[in-house]
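Encoded as C-alpha cells, the structure appears first; notes follow it.
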Number of protein chains: 2
Amino acid sequence: MSNAFIDKLCAHVDLSTADIGLLEAECANARDVPARHDLIREGDPSGPLFVILAGWACRYQILPQGARQITAFLMPGDCCDMHLAKNYIMDHSIATLTDSRVASIPRARFENLIATRPFLTQALWWAQLVDEGVLRAWIVSMGRRSSVERVAHLMCELYVRARNMGLTTGDQLELPLSQLVLGDALGLTPVHVNRVLRRLRLEGIMRPRGGVLVIDDITKLALLAGFDEQYLQRKLKRAA
Amino acid sequence: MSNAFIDKLCAHVDLSTADIGLLEAECANARDVPARHDLIREGDPSGPLFVILAGWACRYQILPQGARQITAFLMPGDCCDMHLAKNYIMDHSIATLTDSRVASIPRARFENLIATRPFLTQALWWAQLVDEGVLRAWIVSMGRRSSVERVAHLMCELYVRARNMGLTTGDQLELPLSQLVLGDALGLTPVHVNRVLRRLRLEGIMRPRGGVLVIDDITKLALLAGFDEQYLQRKLKRAA
DNA sequence: CGCGTTTTTGAAGCCCCTCAAGTGTAGTGG
DNA sequence: CCACTACACTTGAGGGGCTTCAAAAACGCG
C-alpha cells in the first residue's frame, strides 16, 4: 500500500527502513473523512498531527465580518500541525474540501520521533520549510500580482505540487476547487474568479471543467504568472 | 551582555545553561551591518544562519516587472534561514533596513545543534512555527482586509512583537520604516499608505513621527484591525 | 423531476492606483 | 550661511480593476 506522505519525505531525505517503518506504523490508523469537515478548529489546543493520505483540505480563517480567507491547500502527502509545544493554540482551522483519507499521529509519539530520529526530524523540518516558501509566494501574489497573474500562479503551484506527488496525467490535474473556494484563497470574489477563468480559457491557456483542470499552454501560463518553481525546492530524484 | 535571540527562545522553552552557553558562543562573532545591505540574495545556496541582535531587516522578493514585495519584518531576536538541507536554494532575499548587529551561525554547527540538543531543537522549531503564523496572518490581511485594517493589523503585530522583546516604552515604539517600505509590505502604494496614516492620525488612533510610532488608542487600533494576538503564541512568562 | 449548488453574465460603484506636483527635512559642499 | 541634492512625505485629479448587487443558466444529485 502506497503512502503519499512517506513518498514525499523519501524524495528529499534518505530515510532508513527503520524510519520508514515507524512512519508506516503511525499512519496505519488512517480513517476516511467526508468533505467539508473540520479536522481542527481555531482556538483548539494542538491535538494530534494530521497527515493527508488522499483528498484535498485547506487551512482557513474566518474574519469578524464573516469573510473567509484560505491560507493553504493541502493535498495528499501534506501534513499539518507539527507543533511541539503542548500549549500551542491553533490560530486557524483546517477542513477537508473533498472526501479524504487522513492519518493522525498522537502528539506524544510525534515528539518522541523528533527527539530520537534525527533524519526523520530533518525530513519533517524540510517539509515545513517548503510550506513556508509557499506561504511567502502567496503573500507576493496577493500583494503585487493582478487577478489574472494570481490565478495563473496558483494554478502553476498546484500543478507542480500535484505532479511531484504523481497526481497529474499529462497536462491534466484533478482540481476539485469551486470558484468560491478559489476566490477565498486568492482574495477575490467568486464573480471575478469566474471572469478571470473565462479569459484564460478564451486565450487558450487552460480550462477547468468538471473538477479537472486541463492546461493547454503551460509555457504561457508560467510566463503570465511569473512562476519560478524554485521555491518549491523540487528535487528531480523522483521525477518520471 | 544581553542577547535578544536567547531571551526570546528562553521565554518559551526551558533551555539548560549548557544550551544557552552554546548559543552564546555561536553568537559571539556578531558584526555590524549597515542599512540597506543584503544579507543573502535570492538564488544563493543556503549559507550560514543569521540572527538579528539589533536593528531591523526584512525578507523580500523582486518581481519580473521590478515591483518589490516584503514578506516579513525581522526585529532583534529573530533569526532566518534555518535550512537543514545543504542544497536548499534561497527563494527570496534578506536585507537590513537599518544599521544592524547580526550574528551568523555556520550551517554545519547548526545541523550539529539540531542533531544533538533536543530542547534547543524544540525552541527553534517553536520560533519557526510562530513565524509561519505571522505569514498566515499577512495572507489574511492582504486577502480580506481593507487598506486601513491592513495597516492597523500590521502595527498591532509589530507592537506586540516589539513589546515581547522589551523594545517598547509605554505606547511608543521605534519604527524605522518609511512609507515606501510599508507599502511594499502591505501591497499598497506609498501614496495610499500616506493617506491611510493620515486618516489614523486624524482619528486619534496613532501617529508615526520621525521613526517613532505613538499609539494613542490601542483598543481602537486592535478593534479596527480585528487583531487577535493569539497567533503570536505570546507567552506571558516574561511580560512585565 | 425538483432542489441546492455552482457557474455565468450584466450594470453600477468604490477603493486603490497612476500620474503629477509641491513641501519639508537632512546632509554636503561652496 | 546659503546653494544644492537627495529623499521622504503630502496632497490633488482622474482612471481602472475589482467589488457589489442582481439574476439567469447550468450542473449534480436525491
Side-chain angles (χ1 to χ4, degrees), chain A residues 34-36 56 58 63 65-70 95-99 141-154 174-203 206-214 224, chain B residues 34-36 56 58 63 65-70 97-99 141-154 174-203 206-214 224:
Chain A
R36 291 154 209 258
W56 285 66
C58 70
L63 279 86
Q65 309 86 335
R68 176 175 71 162
Q69 177 65 45
I70 291 175
T96 55
L97 291 167
T98 68
D99 293 344
S141 264
M142 311 197 72
R144 293 294 182 220
R145 280 193 252 263
S146 71
S147 59
V148 189
E149 297 166 342
R150 218 181 293 178
V151 169
H153 198 276
L154 178 62
E174 243 186 84
L175 196 77
L177 308 177
S178 72
Q179 296 177 3
L180 190 143
V181 168
L182 286 175
D184 282 346
L186 294 161
L188 300 170
T189 56
V191 175
H192 201 65
V193 168
N194 183 277
R195 288 191 238 266
V196 169
L197 291 179
R198 175 178 52 177
R199 198 172 134 189
L200 289 171
R201 181 173 4 101
L202 292 180
E203 291 182 14
M206 51 171 253
R207 55 209 144 90
R209 190 143 289 289
V212 174
L213 174 69
V214 182
L224 181 60
Chain B
R36 291 152 211 258
W56 286 66
C58 70
L63 281 86
Q65 310 86 332
R68 176 175 70 162
Q69 177 64 46
I70 291 175
L97 290 167
T98 68
D99 294 344
S141 265
M142 312 197 72
R144 292 292 180 222
R145 280 193 250 264
S146 71
S147 58
V148 189
E149 296 166 342
R150 218 181 294 179
V151 169
H153 199 275
L154 178 62
E174 244 186 83
L175 195 78
L177 308 177
S178 71
Q179 295 179 0
L180 190 141
V181 167
L182 286 175
D184 282 347
L186 294 161
L188 300 170
T189 57
V191 174
H192 201 65
V193 169
N194 183 278
R195 287 191 237 266
V196 169
L197 291 179
R198 177 179 50 176
R199 198 171 134 189
L200 289 170
R201 182 176 359 104
L202 293 180
E203 291 183 16
M206 53 170 253
R207 53 208 145 90
R209 189 142 291 288
V212 174
L213 175 69
V214 182
L224 181 60

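So that the names make sense, note that chain A is the first sequence line, chain B the second, and so on, each numbered from 1.
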Separation of atom NE2 in B/His192 from atom P in D/dG14, rounded to whole Å:
19 Å

d(CZ, A/Arg201; C1', C/dT9) in whole Å
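Whole-Å distance recorded here is 12 Å.
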
Main-chain N/O of A/Asp99 paired to A/Thr96 side chain as donor or acceptor, under 3.5 Å:
no

Does A/Arg145 or B/Arg198 map to a spot on DNA chain D nearer the 5' end, using the closest nucleotide for each?
B/Arg198

Dump every N/O contact between nucleotides 25-30 of chain D and the protein below 3.5 Å, one line per pair.
none

Identify, between A/Arg144 and A/Leu177, the residue whose nearest nucleotide on DNA chain C lies closer to the 5' end.
A/Leu177

Touch check for A/Arg150, heavy atoms < 4.0 angstrom, all strands: base, sugar-phosphate only, or nothing?
nothing

Touch check for A/Leu197, heavy atoms < 4.0 angstrom, all strands: base, sugar-phosphate only, or nothing?
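The residue A/Leu197 makes no contact with any strand.
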
Keeping to residues at least two apart or across chains, list the salt bridge (Lys or Arg N to Asp or Glu O under 4.0 Å) pairs with something in residues 141-153 of chain B.
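Sorted pair list: A/Asp184-B/Arg144.
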
Quick one: is C/dT8 close enough that its OP1 or OP2 comes under 4.0 Å of any side-chain N or O from A/Asn194?
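The answer is yes; a side-chain N or O of A/Asn194 sits under 4.0 Å from OP1 or OP2.
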
A/Arg36 side-chain proximity, nearest of C/dT6, C/dT8, C/dT9
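Out of C/dT6, C/dT8, C/dT9, the nucleotide with an atom closest to A/Arg36's side chain is C/dT6.
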
If you take any heavy atom closer than 4.0 Å to DNA chain C, which residues from residues 178-186 of chain A end up in contact?
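Only A/Ser178, A/Gln179 qualify.
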
Bend across the helix from C/dC1-D/dG30 to C/dG30-D/dC1, to 10°, with axes taken over 5 pairs at each end?
40°

Report all side-chain donor-acceptor pairs from residues 193-202 of chain B shorter than 3.5 Å, counting only partners two or more places apart or in another chain.
{"unit_1": "B/Asn194", "atom_1": "ND2", "unit_2": "B/Gln179", "atom_2": "OE1", "d": "3.0"}
{"unit_1": "B/Arg199", "atom_1": "NE", "unit_2": "B/Glu203", "atom_2": "OE2", "d": "3.4"}

Give me, pair by pair, the N or O atoms of the protein and of nucleotides 19-26 of chain C that are less than 3.5 Å apart, along with how far apart they are.
none

